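Below: one structure, written as structure tokens.
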Amino acid sequence: MSNVQPVRGTKDLLAQEMRRHSLVETAAEHIAGRFGYAKISTPIFEFTNVFARTLGDTSDIVTKEMYTFQDKGGDSLTLRPEGTAGVARAFISEGLKQQTPYRAFYSGPMFRHERPQKGRMRQFHQIGVELIGVGEPVADVEVISLGVALLRELGLLNDTVLHLNTLGDSESRSAYLAVLVDYFKGHEKTLSSDSRERLTKNPLRILDSKATEDQSIIANAPAYSDYLTTEASAFFTQVRTGLDDLDISYVLNPKLVRGLDYYSHTAFEFVTDKLGAQGTVLAGGRYDGLIEMMGGPATPGIGWAAGIERLSMLLDDVPAPIRPIAIISMGAEADRMARKLAYDLRLDGFAIDMAYRGNLSKRLKRANKLQARAAIIIGDDELGRDSATLRDLDSGEQQHVPLNELANLLMPFREDFGGA
RNA sequence: GUGGCUGUAGCUCAGUUGGUUAGAGCACCAGAUUGUGGAUCUGGGGGUCGGGGGUUCAAUUCCCCUCAGCCACCCCA
């Protein structure tokens, strides 16, 4: 093992793993495209306050997980820890209010300074969608159904369960929070130390505590459903009805709480039990106050993000690399002619491998290792006759073919590059 | 940020109760085979035993620190 190591929590994606990532990413882009979500790319870093202001001063992401640095002009910049804030900023900067409903799909690296773990990296990759400018519950249903469609496309729908909750509107939320904090304060002495922290930072989180000493207290806690305004309650009902109409199944999870301040109303997570403690694979919710909070026009929004690493770990089929056609030449003259042939065939859409050195035996071995479908062999014999030897590497059959018929005969061996 | 486990070749792992020059399988390179692959045989290259310090005549082995990986907590995709 070398001393030269990647930075903690980062990793190199080599051929096979890269193919898995690409598969997830292109599937997402295609599905999002069908729903009318256009791909966008926002910068990988933003002014620090883009994240600090929106994610909430007490959220873990802001208090301890951001990669923040000063640039040479003295501005405080931050590597994006998530995608929504950047899209919201772009929405404001670019005046996209004109284009609402605005639908965006993004994909790219995110950065959080956390302790690495299974399914958790300091640089990781997310795909995500945002639907901005639609306050009606149909938007929630559409965005969730887009998530379902992606998981279905990846063959992962059966590995996940959709958890659904509502965080209500701000009126419901402040009413409930008051009651809840009051209740937990009454049990402060018996709460776990983590939950005592949460009492000031994020009381809703206590409901999701894993500490055994908290369980009985949680069980008797007041229920959010009793404090929802009729509007918030009706909104949630419409979301559920919409999901039912699409035959999308879900479980209600009153303990599902999002960590970031900007969420309201619908919150959802697709969870798997196959990734250890990091079971959340695709999650999101509604963020009606976010854009206004950032200084833009009051505009509702909803979206989700999914972890490419986590999704690709669930994939059991590793996409195979393209099977090339090997061109094998012998002799200086044949070699020059074969290089030209390789170039022409590549321009024609074929995947061609051609070794740089080695005798026929070596090159066939190499072709075999690359899983080449066929080999085109060109030596002195073939040169003199303007022909080539075409060998099917699966069957072992070979034939002499005139050079001008080669491209046609190769058609059965043409590889589809889609997705790979 | 907290706790537990683990670091020997590119990969998977042996080994050393502290003692010459640290091994195997797979992978890689070459030859058997200067025009025929997937098999076999022969040979070869590749190691700061994660890094630093300490104890010792002697450390890959024991001790301390550190770095990294894995797992869990916290939190999240």
Side-chain angles (χ1 to χ4, degrees), chain A residues 1-11 14 24 28 55 58-65 81-84 107-128 147 160 192-195 197-198 201-202 205 208-211 256-260 268-272 275-284 303-314 326 328-331 334 355 357-383 389-398:
Chain A
M1 199 179 295
S2 167
N3 257 348
V4 183
Q5 291 175 328
V7 173
R8 180 171 214 194
T10 67
K11 80 186 288 197
L14 304 183
V24 172
L55 301 179
T58 57
S59 75
D60 272 32
I61 289 184
V62 171
T63 54
K64 60 181 202 194
E65 295 175 1
E82 54 98 42
T84 301
S107 170
M110 306 292 167
F111 307 84
R112 291 182 198 173
H113 192 101
E114 298 180 277
R115 189 85 163 252
Q117 206 178 317
K118 184 189 185 87
R120 173 198 285 176
M121 302 290 289
R122 287 185 171 180
Q123 175 176 341
F124 61 106
H125 299 81
Q126 283 188 336
I127 46 182
T160 60
S192 66
S193 59
D194 276 339
S195 288
E197 282 264 324
R198 289 188 270 238
K201 284 171 58 177
N202 191 349
R205 266 258 164 266
D208 203 22
S209 170
K210 289 173 191 167
L256 196 166
V257 175
R258 313 262 66 222
L260 310 181
F268 59 93
E269 284 185 5
F270 290 82
V271 178
T272 179
L275 289 180
Q278 268 65 238
T280 302
V281 119
L282 185 156
W304 53 250
I308 296 184
E309 280 82 358
R310 292 184 185 177
L311 287 173
S312 69
M313 276 191 284
L314 291 175
I328 300 174
S329 59
M330 280 157 297
R357 63 183 71 89
N359 58 29
L360 177 62
S361 174
K362 284 277 179 286
R363 292 188 184 199
L364 275 168
K365 271 194 177 133
R366 173 193 164 91
N368 197 56
K369 203 168 302 164
L370 293 172
Q371 301 258 49
R373 294 170 158 258
I376 300 167
I377 301 168
I378 300 171
D380 291 341
D381 294 356
E382 289 86 352
L383 261 190
T389 298
L390 177 58
R391 181 176 179 86
D392 182 322
L393 290 175
D394 288 337
S395 67
E397 288 167 16
Q398 67 180 41

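Just the heavy atoms: all of them, side chains too, but no hydrogens, waters or symmetry mates, feed the values below. Lettering of chains follows the sequences in order, A, B, ..., and the numbering in each one begins at 1. Computed from a predicted model, the values in this text were never measured in an experiment.
- In the set B/A72, B/G69, B/C67, B/C67 carries the atom at the smallest distance from any side-chain atom of A/Gln5.
- Using the Watson-Crick or G-U wobble rule with both distances under 3.5 Å, B/U21 pairs with nothing in any strand shown.
- Residue A/Arg391 is classed as a base contact, given a heavy-atom separation below 4.0 Å to a base.
- In this structure, A/Glu309 reaches neither bases nor backbone, as no heavy-atom distance under 4.0 Å exists between it and the strands shown.
- The side chain of A/Asn368 lies closest to B/G37 when the candidates are B/C74, B/A77, B/G37.
- Candidate nucleotides B/G38, B/G35, B/C75 were compared by shortest atom distance to the side chain of A/Lys365, and B/G38 ranks first.
- Base engagement by A/Glu114 is indicated by at least one non-hydrogen atom pair under 4.0 Å involving a base atom.
- Residue contacts for A/Gly358: at a heavy-atom cut-off of 4.0 Å it reaches no nucleic acid atom on any strand shown.
- In this structure, A/Arg310 reaches the bases: a heavy-atom distance under 4.0 Å links it to at least one base atom across the strands shown.
- Across the strands present, B/C5 finds its partner in B/G69; the criterion is a Watson-Crick or G-U wobble pair with both atom distances under 3.5 angstrom.
- B/C26 is paired with B/G10 under the Watson-Crick or G-U wobble criterion, all donor-acceptor distances under 3.5 Å.
- If you check every strand for non-hydrogen atoms under 4.0 Å, A/Gly128 touches nothing.
- Remark: B/A77 base-pairs with no nucleotide; criterion is Watson-Crick or G-U wobble with both hydrogen-bond distances under 3.5 Å.
- Heavy atoms of A/Arg366 sit nowhere under 4.0 angstrom from any nucleic acid atom.
- Under 4.0 angstrom from either OP1 or OP2 of B/C70 there lies no side-chain N or O belonging to A/Lys118.
- Within 4.0 Å (heavy atoms only), A/Met313 reaches no atom of the nucleic acid at all.
- Side-chain to base pairing of A/Arg115 with B/U2: one donor and one acceptor N or O lie within less than 3.5 Å of each other.
- Heavy atoms of A/Ala367 sit nowhere under 4.0 angstrom from any nucleic acid atom.
- In this structure, of B/G37, B/A77, B/C29, it is B/C29 that holds the atom nearest to the side chain of A/Lys369.
- Contacts of A/Gly396 with the nucleic acid, taken as non-hydrogen atoms under 4.0 Å apart, include base atoms.
- In the model, A/Gln126 has no side-chain atom that pairs as donor or acceptor with a side-chain atom of A/Ser107 under 3.5 Å.
- In this structure, A/Lys362 reaches the B/G31 phosphate: one of its side-chain N or O atoms is under 4.0 Å from OP1 or OP2.
- Of the P atoms belonging to B/G23 and B/C49, the separation is 14 Å, rounded to the nearest Å.
- No engagement by A/Arg357 is indicated, since no non-hydrogen atom pair under 4.0 Å with the nucleic acid exists.
- Between the C1' atoms of B/U60 and B/G52, the separation comes to 15 Å (whole Å).
- Considering only side-chain N and O atoms, A/Lys210 lies under 4.0 angstrom from the phosphate OP1 or OP2 of B/C73.
- Nucleic acid contact for A/Gln371: none, since no nucleic acid atom lies under 4.0 Å from a heavy atom of the residue.
- The side chain of A/Arg198 contributes an N or O atom lying less than 4.0 Å from OP1 or OP2 of B/C75.
- In this structure, of B/G35, B/A72, B/C75, it is B/C75 that holds the atom nearest to the side chain of A/Glu65.
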